[in-house]
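Here is how names work: the chains are called A, B, and so on, in the same order as the sequence lines, proteins then strands, and each is numbered from 1. Because only heavy atoms are used, hydrogens play no part in the values below, and waters and symmetry mates are left out as well, while side chains stay in.
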Number of protein chains: 2
Amino acid sequence: MDKVSTIKDVAKLANVSISTVSRVLNGTTPVSKESSDKVYKAVEVLDYKPNAMARSLISKKTMTIAVIIPNLSNLFFPELLRGISKAVEKEGYFLIICNTDYSSEKEEKYINQMLERRVDGFIIVSSSISNEKLTQMVKGKTSVVFVYSYADFGYNIMEDGIKATYDATKYLIHMGHKKIACVGWRFKGVNVRYMGFRKALEEFNVDFRNEYVIDCGYSKEEITNNTIKLLKMKDRPTGIVAFNDDTAIAIMMAAKNMGINIPEELSIIGYDNISISNILLKPLTTISVPIHKMGVDAGKKIIEIIDNGISYSDTYREKYIPYELIERESVKAMDIDKLN
Amino acid sequence: MDKVSTIKDVAKLANVSISTVSRVLNGTTPVSKESSDKVYKAVEVLDYKPNAMARSLISKKTMTIAVIIPNLSNLFFPELLRGISKAVEKEGYFLIICNTDYSSEKEEKYINQMLERRVDGFIIVSSSISNEKLTQMVKGKTSVVFVYSYADFGYNIMEDGIKATYDATKYLIHMGHKKIACVGWRFKGVNVRYMGFRKALEEFNVDFRNEYVIDCGYSKEEITNNTIKLLKMKDRPTGIVAFNDDTAIAIMMAAKNMGINIPEELSIIGYDNISISNILLKPLTTISVPIHKMGVDAGKKIIEIIDNGISYSDTYREKYIPYELIERESVKAMDIDKLN
DNA sequence: CTGAAAGCGCTAACAC
DNA sequence: GTGTTAGCGCTTTCAG
């Protein structure tokens, strides 16, 4: 590899001091045309590129934002990323992506490494770190925006998850379903979706059955295996509330492979409305969340926080993002005679 | 924001010199237990995190790899990213993602900025920069791996695009189609897919019709509009070769909205086999490319190049990646009577 | 307008 | 073992 040239090389070739080089390159102080011409020529000849790290060391700005995100397979995340990326690039910031695989150890590790890199800010998505730890790690130390993370400080973006899942469940109930299962996660983080599910069952007097609660985490494989078990029950559910579309899709595939028709024999409602949910084998009825917009919001917000040095040290939560239930084809109304 | 502490603060608090601090933190030289204990305690108290930039300035290593990628909407790219990310994280590297929106200006800008940041290497995906420019910009200056980019130097990863598209087109021909269109891009970069399409038509003596060539770039909107036009033709094609699955999906949707059934009235073959292609409204017949594996390969390779200082300055192209045609449900065999 | 010099936070000789 | 010193590549006073 060719040796990269430094400001010194440029200065030497242009026959000026390094401060002059710095000045013409940054336009900080007026410089004679003669000098600046010489500098530009030298820069050209040497293909000089200022070292951003040396610069950052002084300016204390890295123009980079760390995105801590649990995975890239669930399309929700790339879509969010797209929004973040769009908002942030416009302002000249760059994104470093840290994939945690839903592991809190990895998440901690990455946050610390990003802190060492002195990134200007963080966007932490679906954090799986405990609140106390999170507080200790980042509160007051850097700018941060949370998305789907239940921190008790900082700026948080998400919709009302309890209500949304409540609505999804209610929808199934109103469609005449009595045997309703949920598939997702139960014990990870604050489980608003599970809470919403329970709430709806309770409120509408639908039997809650523990064997209809599938707590399987986020891996496709686990979801599939557990769903198969669920659908093999003698008394299987007629409707499933999936805690996200990614899960709903896995359930659909499992059902398809078992020869169970959707929605005739099994209704499914998802959550997220990821872009592909309407072009599936059976277009998915789901809770639609403005994913891309959330990304853009998160991106804009983190920059605002960085630029204005706002510190949302105390609890602050954006008003919940609006969501909406989209009816497509994956849920069927139960026959009247089956209603009782 | 709290002031972040430096090695100096630690040294002062621990009552040792900064070199001692550095030594215990890096384990470079033995240090007395007494000193190291004091240092650790001070680090703890001050919550000291070494400044990675200062460190990089000396070590000339940033442990970061820039990924230049045209967009995040086509699922091909997130899937590739996932592979890259997986391979690279294992070795302690981080990814900085640069979204070019298929714009060569943006691409140039980002490459230069990443050069300024002294990233250890680049993975450039689907570059839209000319070969000369690319050579001038990066050749000999940094480590780089290309994916789907037709550079005449460096390490390149891709499959034999001409042959693959030839196979896709041949498949349609063998299924009895005589009126075959292609939808994709024609003039961007080296257009191997278009070449493969033409080659098959020619070889099997199928009429080539210029109005069946839809050169519409990558935007969903353009694809949709152009497809509608194509399908409104009095003498519309019975089969379409889409240059990627993302395009195939847009075509499917357009057809659906026009009330045209797939595959009964229109056959479509895609390219990429992105993960959702088999759970679509109509599972897509497509050319399957090992996307995730390509990502992993790219990640492994760039690290190998960085670590060993290998410089693929001269033309070097990995043996083409294997691909395979996956038959699903989006292509129909034409009736015998229509064969002539 | 321009150069010399200090210093960003750290590592790596170099002495003791 | 440990402290002092010289940079890494750059920006920014401070003189002139």
Q: Taking side chain to side chain donor-acceptor pair (under 3.5 Å) as the criterion, tell me which of A:Glu105, A:Lys106, A:Glu107 meets it with A:Ser128.
A: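 The side chain to side chain donor-acceptor pair (under 3.5 Å) with A:Ser128 is passed solely by A:Glu107 among A:Glu105, A:Lys106, A:Glu107.
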Q: Between A:Arg82 and A:Glu79 (salt bridge meaning N to carboxylate O under 4.0 Å), is one present in this structure?
A: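 Between A:Glu79 and A:Arg82 there is no salt bridge, as every charged N stays at least 4.0 Å from the carboxylate O atoms.
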Q: Can you name the side-chain hydrogen bond (donor to acceptor under 3.5 Å, both in side chains) partners of A:Lys3, sequence neighbours left out?
A: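 Result, side-chain hydrogen bond (donor to acceptor under 3.5 Å, both in side chains) vs A:Lys3: none returned.
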Q: Between A:Ile97 and B:Leu81, is the side-chain contact (heavy atoms from CB on, under 4.5 Å) condition met? List the steps.
A: CA-CA 10 Å; A:Ile97 308 296; B:Leu81 221 45; 5.9 Å; no
Q: Roughly how many Å is it from CG in B:Leu57 to C1' in C:dG7, rounded to a whole number?
A: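 Rounded to the whole Å, the gap is 13 Å.
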Q: Evaluate the criterion side-chain hydrogen bond (donor to acceptor under 3.5 Å, both in side chains) for residue pair B:Ser103 and B:Thr100; output intermediate values, then yes/no.
A: CA-CA 5 Å; B:Ser103 137; B:Thr100 67; over 6 Å; no
Q: Charged N to carboxylate O below 4.0 Å: is that the case for B:Asp37 and B:Lys41?
A: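 No, B:Asp37 and B:Lys41 are not salt-bridged.
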Q: Is any side-chain N or O of A:Thr20 closer than 4.0 Å to OP1 or OP2 of C:dG3?
A: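 The answer is yes; a side-chain N or O of A:Thr20 sits under 4.0 Å from OP1 or OP2.
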Q: Send over the distance from A:Lys12 NZ to C:dT2 P, rounded to a whole Å.
A: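 Atom NZ in A:Lys12 sits about 20 Å away from atom P in C:dT2.
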Q: Identify whether any heavy atom of A:Thr29 sits under 4.0 Å from a base atom; if not, whether one sits that close to sugar-phosphate; answer base, sugar-phosphate or nothing.
A: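 A:Thr29: base contact, heavy atoms under 4.0 Å.
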Q: In whole angstrom, give the distance that lies between atom CG of A:Asn51 and atom P of C:dC8.
A: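 Rounded to the whole Å, the gap is 18 Å.
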Q: Could you give the start and end, 5' to 3', of the contact zone on DNA chain D for chain B, using atoms under 4.0 Å from its heavy atoms?
A: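 First and last nucleotides in contact are D:dG1 to D:dG9.
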Q: Nearest-nucleotide wise, let me know which of B:Ala54 and B:Ser32 is further upstream toward the 5' end of DNA chain D.
A: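 Looking at the nearest nucleotide for each, B:Ser32 comes out on the 5' side.
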Q: Does a side-chain heavy-atom distance below 4.5 Å link A:Thr6 with A:Asn51?
A: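 A side-chain contact is absent here, since even the closest heavy-atom pair is not under 4.5 Å.
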Q: Counting only side-chain nitrogens and oxygens, does B:Arg55 get under 4.0 Å of the OP1 or OP2 atom of C:dC10?
A: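 So the side chain of B:Arg55 is outside the cut-off, no N or O lying under 4.0 Å from OP1 or OP2 of C:dC10.
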Q: Measuring only between side-chain heavy atoms, which start at C-beta, is B:Ile111 closer than 4.5 Å to B:Ile124?
A: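 A side-chain contact under 4.5 Å exists here.
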Q: What's the CG-C1' distance between B:Leu25 and C:dT11, to the nearest Å?
A: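 To the nearest whole Å, that distance equals 12 Å.
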Q: Side chain of B:Lys8 only, please: which of C:dC8, C:dT2, C:dT11 is the nearest?
A: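 Nearest to the side-chain atoms of B:Lys8, counting from C-beta on, is C:dC8.
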Q: Using the 3.5 Å cut-off, write out each protein N or O paired with an N or O of nucleotides 12-16 of chain C and the distance between them.
A:
none

Q: For the residue pair A:Phe76 and A:Tyr148, does the interplanar ring angle fall in the parallel (under 30°), tilted (30 to 60°) or perpendicular (over 60°) class?
A: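 The arrangement is perpendicular - the two ring planes meet at more than 60°.
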Q: Report yes if a side-chain nitrogen or oxygen of A:Ser35 is closer than 4.0 Å to either non-bridging phosphate oxygen (OP1 or OP2) of C:dC1; otherwise report no.
A: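 Indeed not, no polar side-chain atom of A:Ser35 lies that close.
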